[in-house]
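Side-chain atoms are counted along with the backbone in the values below, which use heavy atoms only and exclude waters and symmetry mates. All values derive from a computational prediction rather than experimental measurement.
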Amino acid sequence: MADGSPLSDSGSGEDRNMRRYMWGGIIAALISWLIVPVVGLVAVYCGWVVYQHKDRLQGGLIAGVGGVGVLTWVVYLLTM
């Protein structure tokens with residue numbers, strides 16, 4: 001079915017979205033550790049979406065790294 005119908009690419013749109021969530025979450029997690037800790041919340045959300053729809057391990061790692069980045073900075077700011 002290469003006629004351009006919506007059924008010709010079954011599943012590729014969802015895979016593309018999951019890759020975007022995965023890479024967006026990885027980048028957000030790194031930014032939360034290096035520059036702006038609040039961006040870790042974006043990583044948690046992206047990780048949760050990947051966890052629910054694609055891969056539990058990758059999603060959990062992305063959400064965990066982003067969440068730990070936010071929590072580390074919150075603890076640091078509370079102890080100042």
Query - Contact list for residues 59-71, test side-chain hydrogen bond (donor to acceptor under 3.5 Å, both in side chains), sequence neighbours left out - result: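 Those involving residues 59-71 do not exist here.
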For residues 18-33, which side-chain donor-acceptor pairs fall under 3.5 Å, sequence neighbours excluded?
from : atom 1 : to  : atom 2 : distance (Å)
S32  : OG     : A29 : O      : 2.7
W33  : NE1    : V65 : O      : 3.0

Query raised in the report: Linking Ile, Leu, Val, Met, Phe, Trp and Tyr by side-chain heavy atoms under 4.5 Å, what else ends up with L57?
Result: L61
Report task. Return the minimal non-hydrogen interatomic distance between G66 and A43, and the atom names on each side. Result -> CA-CB, 3.8 Å
Report task. Using the test side chain to side chain donor-acceptor pair (under 3.5 Å), find all partners of Y51 that sit at least two apart in sequence or belong to another chain. Result -> R56
Report summary line: Rounding to 0.5 Å, atoms NZ (K54) and CG (D15) come to a distance of 4.5 Å
Query raised in the report: Is there a path of hydrophobic side-chain contacts, each under 4.5 Å between heavy atoms of I, L, V, M, F, W or Y residues, that connects V39 with V44?
Result: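 Not linked; separate clusters.
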Would you tabulate the side-chain donor-acceptor contacts of residues 68-80 under 3.5 Å, counting partners in other chains and residues two or more places apart, or write 'none'?
from : atom 1 : to  : atom 2 : distance (Å)
T72  : OG1    : V68 : O      : 2.6
T79  : OG1    : V75 : O      : 3.1
T79  : OG1    : Y76 : O      : 3.0

